Engineer: 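The structure's right below; bear with me while I get my questions together.
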Amino acid sequence: MRAADSIIAEGGKTLLAKILKGSKDKKVLQLGLDKNPSYGFYKGVKLDDVLQKIEWMIDYRFLEIKYFRKLPLITFTDLGWLIERDQYTDEFINEWREWIREGKQNPDMSYLKDRNREMILLLLDKVKESGDQSFIPYLELWAKVDYKKVKAEIQYTIDVLKSNEPVSHSLAEKRQDEVNEALKGVIPHDIRMKCWSCTRRFTWTIGEQKFYREKGLSYPKKCKICRGKGFGYS
């Protein structure tokens with residue numbers, strides 16, 4: 001998922017596989033995807049085997065394929081994004097800690113501007129939960145370059161850290177439980193459905209679900225018999 005983050009709604013399964021394999025493909029290099037933190041993670045693995053791993057991520061509902069102008073592109077499912085934003089915010093915090101160890105005083109914090117709002121709020125929650133006042137200078141620098149609403153959230157985080165009061169970790173524990181549950185994915189299984197036309201129950205098999213996803217089709221509302229009568233997929 002970390003590799004996929006760089007090409008969400010911009011690239012497909014093959015491009016993602018090339019990132020993970022560490023390909024020197026012209027497009028990979030032109031887009032700067034060799035700078036992706038997961039670039040080359042499966043360097044010694046065959047491309048087809050990497051693609052199989054991506055298919056597994058799709059089957060278990062971490063990633064999905066959506067069609068944009070008839071192009072099949074990788075996107076996160078809600079499940080996948082829950083995990084990705086948690087991991088991504090941890091990366092930010094670990095980077096800040098590394099800066100502190102290095103004595104870095106004036107980093108350009110504009111790299112956080114225009115990021116996904118959910119992720120930014122989660123980052124600030126984790127900073128508050130850390131109780132680490134050494135983050136305050138970076139927060140102050142960040143507040144200077146971001147928008148008014150984000151700036152207010154940053155200032156609140158600074159105030160919480162300065163107050164030095166204990167922060168409840170119940171929300172953090174609940175969040176971690178949600179992430180741990182999400183990491184299990186959704187095990188592929190046949191689904192029993194009710195036909196909108198004849199009201200009979202029918203089974204939408206794992207194989208059929210995969211076919212529908214790959215073709216960018218919505219789930220079937222009618223059984224095979226009714227579809228066979230010319231009713232189509234609607």
Side-chain angles (χ1 to χ4, degrees), residues 1-9 11 13 16-17 19-21 36-43 45 49-66 73-101 111-112 115-135 138-139 150 153-154 156-157 160-161 165-192 204-206 209-210 212-213 219:
M1 288 188 291
R2 192 66 189 82
D5 194 82
S6 298
I7 60 166
I8 291 298
K13 291 184 288 187
L16 177 55
I19 296 171
L20 289 165
K21 185 166 172 56
N36 184 291
S38 296
Y39 178 77
F41 187 83
Y42 289 122
K43 187 175 183 179
V45 179
D49 291 336
V50 179
L51 283 166
Q52 285 299 313
K53 294 178 184 296
I54 294 170
E55 289 290 352
W56 185 92
M57 294 291 287
I58 293 171
D59 288 343
Y60 276 71
R61 304 294 196 273
F62 296 111
L63 299 172
E64 62 184 337
I65 298 295
K66 287 192 176 179
L73 304 179
I74 289 283
T75 64
F76 287 124
T77 62
D78 290 342
L79 203 67
W81 176 237
L82 175 69
I83 297 166
E84 172 62 8
R85 75 185 183 214
D86 185 73
Q87 295 176 338
Y88 213 156
T89 49
D90 282 345
E91 284 185 25
F92 286 139
I93 289 176
N94 290 334
E95 182 179 44
W96 288 13
R97 287 182 173 136
E98 184 61 30
W99 289 351
I100 291 167
R101 284 192 289 271
Y111 77 102
L112 291 174
R115 296 273 186 171
N116 176 274
R117 183 170 176 80
E118 282 184 348
M119 186 170 68
I120 289 303
L121 293 177
L122 177 57
L123 171 59
L124 291 172
D125 281 344
K126 289 188 175 186
V127 170
K128 289 194 287 282
E129 291 160 4
S130 75
D132 192 340
Q133 293 187 356
S134 59
F135 288 149
Y138 299 144
L139 291 166
V150 178
E153 295 292 343
I154 296 171
Y156 175 65
T157 302
V160 170
L161 292 177
E165 294 180 3
V167 176
S168 172
H169 290 277
S170 60
L171 289 178
E173 291 169 358
K174 180 181 178 181
R175 185 173 65 238
Q176 189 57 54
D177 287 342
E178 291 175 346
V179 171
N180 290 339
E181 187 63 27
L183 285 168
K184 298 176 183 178
V186 177
I187 299 174
H189 60 281
D190 293 343
I191 300 174
R192 291 289 291 170
W204 192 28
T205 67
I206 294 172
Q209 293 169 42
K210 186 170 184 178
Y212 273 62
R213 288 199 304 271
Y219 68 89

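Since the structure is predicted, the reported quantities are computational estimates derived from the model, not experimental observations. Positions are given from 1 along the sequence.
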Engineer: Are Leu124 and Leu139 side-chain neighbours, meaning at least one heavy-atom pair lies under 4.5 Å?
Structural biologist: yes
Engineer: Going by an N to O cut-off under 4.0 Å, is there a salt bridge joining Arg61 and Asp78?
Structural biologist: no
Engineer: As an exercise, state the distance from CG of Asn116 to CZ of Arg85, rounded to the nearest 0.5 Å.
Structural biologist: 7.5 Å
Engineer: Would you name the heavy atoms of Asn36 and Ala3 that are closest together and state the gap between them?
Structural biologist: ND2-O, 3.1 Å
Engineer: Using 0.5 Å steps for rounding, measure from the CD1 atom of Ile74 to the CG atom of Asp5.
Structural biologist: 12.0 Å
Engineer: Looking at Tyr156, I'd like to know if its OH atom is crowded, meaning that more than 12 non-hydrogen atoms belonging to other residues, nucleotides or ligands lie closer than 6.0 Å.
Structural biologist: no
Engineer: Find the distance between CD1 (Ile100) and OH (Tyr138) and round it off to the nearest 0.5 Å.
Structural biologist: 5.0 Å
Engineer: Is it true that Gln176 and Asn180 share a donor-acceptor pair across their side chains at a distance under 3.5 Å?
Structural biologist: yes
Engineer: So, Lys128 and Asp125, do they make that salt bridge, N to O below 4.0 Å?
Structural biologist: yes
Engineer: Check the angle between the aromatic planes of Trp81 and Phe76 and answer parallel, tilted or perpendicular using the 30° and 60° thresholds.
Structural biologist: tilted
Engineer: So which heavy atom on Ala9 is nearest to which on Leu73, and how close?
Structural biologist: O-CD1, 3.1 Å
Engineer: Would you call Glu129 and Lys126 a salt bridge, taking side-chain N to carboxylate O under 4.0 Å as the test?
Structural biologist: no
Engineer: Tell me if the OH atom of Tyr60 is crowded by more than 12 foreign heavy atoms within 6.0 Å.
Structural biologist: yes
Engineer: Taking C-beta and beyond as the side chain, do Ile93 and Asp132 meet within less than 4.5 Å on heavy atoms?
Structural biologist: no
Engineer: Answer whether the closest heavy-atom distance between the side chains of Gln209 and Tyr219 falls below 4.5 Å.
Structural biologist: no
Engineer: Give me the ring orientation class for Tyr212 and Trp204: parallel if the planes are under 30° apart, tilted from 30 to 60°, perpendicular past 60°.
Structural biologist: perpendicular
Engineer: Less than 4.5 Å apart, side chain to side chain, heavy atoms only: is that true for Asp190 and Ile206?
Structural biologist: yes
Engineer: So do Thr75 and Leu63 actually touch side chain to side chain, heavy atoms under 4.5 Å?
Structural biologist: no
Engineer: State the CG-CD1 distance between Asp49 and Ile54, to the nearest 0.5 angstrom.
Structural biologist: 11.5 Å
Engineer: Do you know the tightest heavy-atom contact between Phe62 and Leu183?
Structural biologist: CZ-O, 3.5 Å
Engineer: Just so I know, are the side chains of Ile58 and Lys13 near enough to count as touching, which here means a heavy-atom distance under 4.5 Å?
Structural biologist: yes
Engineer: Could you state the interatomic distance from CD (Glu84) to CD (Glu91), rounded to the nearest 0.5 Å?
Structural biologist: 7.5 Å
Engineer: A side-chain contact here means heavy atoms from C-beta on lying under 4.5 Å apart; do Val127 and Trp96 qualify?
Structural biologist: yes
Engineer: So which atom in Val167 and which in His169 form the shortest heavy-atom distance, rounded to 0.1 Å?
Structural biologist: O-CD2, 3.1 Å
Engineer: Enter the distance from Met119:CE to Leu112:CG here, rounded to the nearest 0.5 Å.
Structural biologist: 8.0 Å
Engineer: Pair Glu64, Arg213 - check side chain to side chain contact (heavy atoms under 4.5 Å, CB included), show working.
Structural biologist: CA-CA 8 Å; Glu64 62 184 337; Arg213 288 199 304 271; 5.6 Å; no
Engineer: Could you tell me if the side chain of Leu122 sits less than 4.5 Å from the side chain of Arg175, heavy atoms only?
Structural biologist: yes
